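A quick write-up on the structure given underneath.
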Amino acid sequence: MKKTTPYLSLPYTIELKHDAEDGWFVRVEELPGCMSQGDSAAEALAMIREAMQGWLTVALEQRMTIPEPHKRLHHG
């Protein structure tokens with residue numbers, strides 16, 4: 001986990017959507033295929049952290065390039 005820790009703290013774009021039949025779907029926009037779901041928003045968000053850990057572990061083991069978070073413009 002130590003190798004993935006710096007990546008887990010980066011501000012990746014997490015997309016959370018509710019579906020009346022299937023509960024909550026969550027994905028990380030910048031990490032292709034990194035997705036999960038849960039019965040509640042909180043559960044889905046907890047599950048995506050686990051999915052990110054797994055995605056990053058595999059990517060690092062396979063020496064893949066880790067995408068950086070999208071830069072967002074903040075208005076205010």
Side-chain angles (χ1 to χ4, degrees):
M1 176 156 168
K2 290 181 182 179
K3 290 182 180 181
T4 62
T5 301
Y7 294 104
L8 288 172
S9 64
L10 295 176
Y12 284 104
T13 307
I14 295 177
E15 181 181 309
L16 181 66
K17 291 184 178 181
H18 183 255
D19 182 289
E21 293 182 21
D22 297 324
W24 292 86
F25 173 79
V26 62
R27 74 181 188 103
V28 180
E29 188 175 309
E30 297 90 344
L31 306 179
C34 186
M35 61 188 80
S36 192
Q37 64 185 50
D39 292 331
S40 68
E43 181 182 22
L45 291 171
M47 297 298 289
I48 198 62
R49 296 296 293 176
E50 290 182 29
M52 287 175 72
Q53 177 72 43
W55 194 101
L56 291 164
T57 298
V58 169
L60 290 168
E61 287 173 356
Q62 295 183 1
R63 293 189 165 92
M64 295 169 47
T65 300
I66 308 292
E68 292 185 18
H70 294 311
K71 293 187 180 3
R72 303 265 184 223
L73 295 176
H74 296 283
H75 300 285

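We use all heavy atoms of the structure for the numbers below, so side chains are in, but hydrogens, waters and symmetry mates are not. Here, residue 1 is the first one in the sequence, and each next residue gets the next number. Just so it is clear, the model here is predicted, and its values are computed rather than measured.
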Are L10 and V58 connected in a single hydrophobic cluster, I mean Ile/Leu/Val/Met/Phe/Trp/Tyr linked by side-chain heavy atoms less than 4.5 Å apart? no
Non-hydrogen atoms of E30 and H70 that approach each other most closely: OE2-N, 2.9 Å
Could you give me the CA-CA distance, side-chain angles and deciding distance for I66 and W55, then say whether side chain to side chain contact (heavy atoms under 4.5 Å, CB included) is met? CA-CA 10 Å; I66 308 292; W55 194 101; 4.2 Å; yes
Is there a donor-acceptor contact under 3.5 Å from the side chain of Y12 to the main chain of P67? yes
Heavy atoms only: give me the nearest P69-P11 pair and the separation to one decimal. CB-O, 3.3 Å
When every non-hydrogen atom of L16 is compared with those of A41, the smallest separation belongs to CD2-CB, 3.8 Å
Applying a strict under-4.5 Å side-chain criterion to I, L, V, M, F, W and Y, I'd like to know whether M47 and L31 cluster together. no
ILVMFWY clustering at 4.5 Å (side-chain atoms), partners of M35: F25
Pairwise distance CD1(I14) to SG(C34) - rounded to 0.5 angstrom: 8.5 Å
Check D22 against Q37 and note the closest heavy-atom contact, atom names and distance. O-NE2, 4.5 Å
Roughly how far, to the nearest 0.5 Å, is the CD atom of Q62 from the OG1 atom of T57? 11.0 Å
Sequence neighbours excluded, which residues qualify as side chain to side chain donor-acceptor pair (under 3.5 Å) partners of E15? K17, R27
Distance from M52 atom CE to L8 atom CG, nearest 0.5 Å? 5.5 Å
Salt bridge (charged side-chain N to carboxylate O under 4.0 Å, His left out): which pairs involve residues 36-61, sequence neighbours left out? none
